[in-house]
2 protein chains.
Amino acid sequence: MARATGCNLETIRYYEKIGIMPDPPRSTKGYRSYDDAHVKRLKFVMRSRDLGFSLEEVRGLLGLVDDRSRTCAEVQIIAEDHLTDVQAKIADLQRIERVLSDTVARCTGDAAPECAVIDALLDA
Amino acid sequence: MARATGCNLETIRYYEKIGIMPDPPRSTKGYRSYDDAHVKRLKFVMRSRDLGFSLEEVRGLLGLVDDRSRTCAEVQIIAEDHLTDVQAKIADLQRIERVLSDTVARCTGDAAPECAVIDALLDA
DNA sequence: TCTAGGGTCTGTAGTTGATACAGGCTCAAG
DNA sequence: CTTGAGCCTGTATCAACTACAGACCCTAGA
């Protein structure tokens with residue numbers, strides 16, 4: 001399954017340990033055997049993680065996948081909360097980017113021991 | 001010093017343990033006593049962390065503060081590397097934001113068990 | 001003088017999301 | 001029959017803290 005999905009082997013076992021992935025059936029020698037449903041679930045997890053959902057959020061989303069009697073409204077809440085988080089992080093990073101690029105621009109970059117970046121950090 | 005800087009008490013001791021902050025002199029009963037230089041250094045660390053520098057990067061910056069014979073060019077390298085990282089993170093998050101907001105927009109948000117977000121994660 | 005409350009001290013464990021072994025078993029090819 | 005690869009479990013490690021436990025210490029009020 002690691003090869004099929006590109007997911008790290010240890011990560012799959014980690015997901016199993018924390019209950020994100022189910023315990024798969026084992027061969028007589030104890031080897032895990034996975035089927036298409038496992039692969040599909042893992043891909044779901046990977047895509048969710050790639051979109052920045054935390055494992056707890058993924059757990060919530062999986063609960064909604066597993067129990068299709070639950071509603072779109074529940075999913076919407078999780079996704080919108082996450083979207084808000086992402087937007088806040090973007091705003092934060094953009095602020096940082098502004099400060100950094102302003103300061104770096106004032107850097108002469110020469111061999112002198114005076115530096116605009118250090119000064120900004122010392123005196124801001 | 002925690003009160004003076006707004007830094008968590010445990011965090012200050014953590015910085016001391018890992019060598020970001022120097023071991024302060026102690027009273028006879030073993031209480032730490034800090035002076036203005038400590039406060040200034042801690043504020044430097046806090047501002048650097050706030051700008052997203054890792055503790056290792058902060059350590060590098062502090063080295064340049066401590067040894068003013070070193071150059072502006074060295075600082076510029078650290079700061080520009082970090083700026084590149086920040087810009088990459090912003091781009092990543094903006095991609096995520098696009099996908100998320102597109103998907104959430106297709107969410108009906110009603111009581112039905114069908115959900116555009118789940119479908120996107122399942123079938124993408 | 002006693003006591004209650006807050007502060008400080010050290011040291012250790014927990015957090016998130018993995019990743020990296022160590023040490024052992026199994027399996028297929030040459 | 002060996003060699004190399006793969007799998008198994010379990011534990012340790014990473015960043016950057018945070019949260020205790022259990023022990024002191026210090027000051028203010030009764």
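In what follows, chains are A, B, ... by sequence order, proteins preceding strands, each numbered from 1. Bear in mind the structure is a predicted one, so any value in this text is a computation, not a measurement.
In summary, B:Lys89 and A:Asp92 do not engage in a salt bridge, as defined by a charged side-chain N under 4.0 Å from a carboxylate O.
Computed from coordinates, the B:Phe53 CZ to D:dA16 P distance equals 13 Å when rounded to whole Å. Rounded to whole Å, the distance from CE on B:Met46 to C1' on D:dC17 is 13 Å. With rounding to whole Å, A:Asp23 atom CG is found 12 Å from D:dC8 atom P. Residue A:Met21 contributes atom CE, which lies 13 Å from atom P of C:dA18 at whole-angstrom precision. A straight line from CG of B:Asp50 to C1' of D:dA16 spans 15 Å, rounded to a whole angstrom. Rounded to a whole Å, the OH atom of B:Tyr31 is 7 Å from the P atom of D:dC25. The distance from atom CD of B:Glu16 to atom C1' of C:dG11 is 14 Å, rounded to the nearest whole Å. In this structure, the CE atom of B:Met1 is 12 Å from the P atom of C:dT8, given to the nearest Å.
The side chain of B:Tyr15 contributes an N or O atom lying less than 4.0 Å from OP1 or OP2 of D:dC17. The side chain of B:Arg13 places no N or O atom within less than 4.0 Å of a non-bridging phosphate oxygen (OP1 or OP2) of C:dT10. The phosphate of D:dA15 (OP1 or OP2) has no side-chain N or O of B:Arg59 nearer than 4.0 angstrom. Taking only side-chain nitrogens and oxygens, B:Arg49 comes nearer than 4.0 Å to OP1 or OP2 of D:dC17.
Nearest to the side-chain atoms of A:Asn8 among the listed nucleotides C:dC25, C:dT19, C:dC9 stands C:dT19. With distances taken from any side-chain atom of B:Leu9 to the nucleotides C:dA18, C:dA20, C:dT8, the minimum falls on C:dT8. Checking D:dC26, D:dA19, C:dG17 against every side-chain atom of B:Glu10, the shortest atom distance belongs to D:dA19. Relative to the side chain of B:Thr11, the nucleotides C:dA18, D:dT18, C:dT10 differ in distance, and D:dT18 lies closest.
With a 6.0 Å radius and a threshold of 12 heavy atoms from other residues, nucleotides or ligands, B:Asp36 has its CG atom at or below the threshold. Surrounding CZ of A:Arg26 are more than 12 heavy atoms belonging to other residues, nucleotides or ligands, all under 6.0 Å away.
Side-chain atoms of B:Glu56 and base atoms of D:dC14 include no donor and acceptor less than 3.5 Å apart.
Both B:Leu55 and B:Lys29 lie close to DNA chain D; mapped to their nearest nucleotides by heavy-atom distance, the more 5′-ward contact belongs to B:Leu55.
Considering every non-hydrogen atom in both B:Ile96 and A:Leu51, the closest pair reads CG2-O, 3.2 Å.
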Salt bridge (Lys or Arg N to Asp or Glu O under 4.0 Å) evaluation trace for B:Arg59 with B:Glu56:
CA-CA 5 Å; B:Arg59 215 185 280 278; B:Glu56 282 318 298; 3.1 Å; yes

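Within the 4.0 angstrom heavy-atom criterion, only backbone atoms of the sugar-phosphate kind lie near A:Arg32; the bases stay farther away. Among the protein residues, A:Arg3 comes within range of no part of the nucleic acid, since none of its heavy atoms lies under 4.0 Å from any strand.
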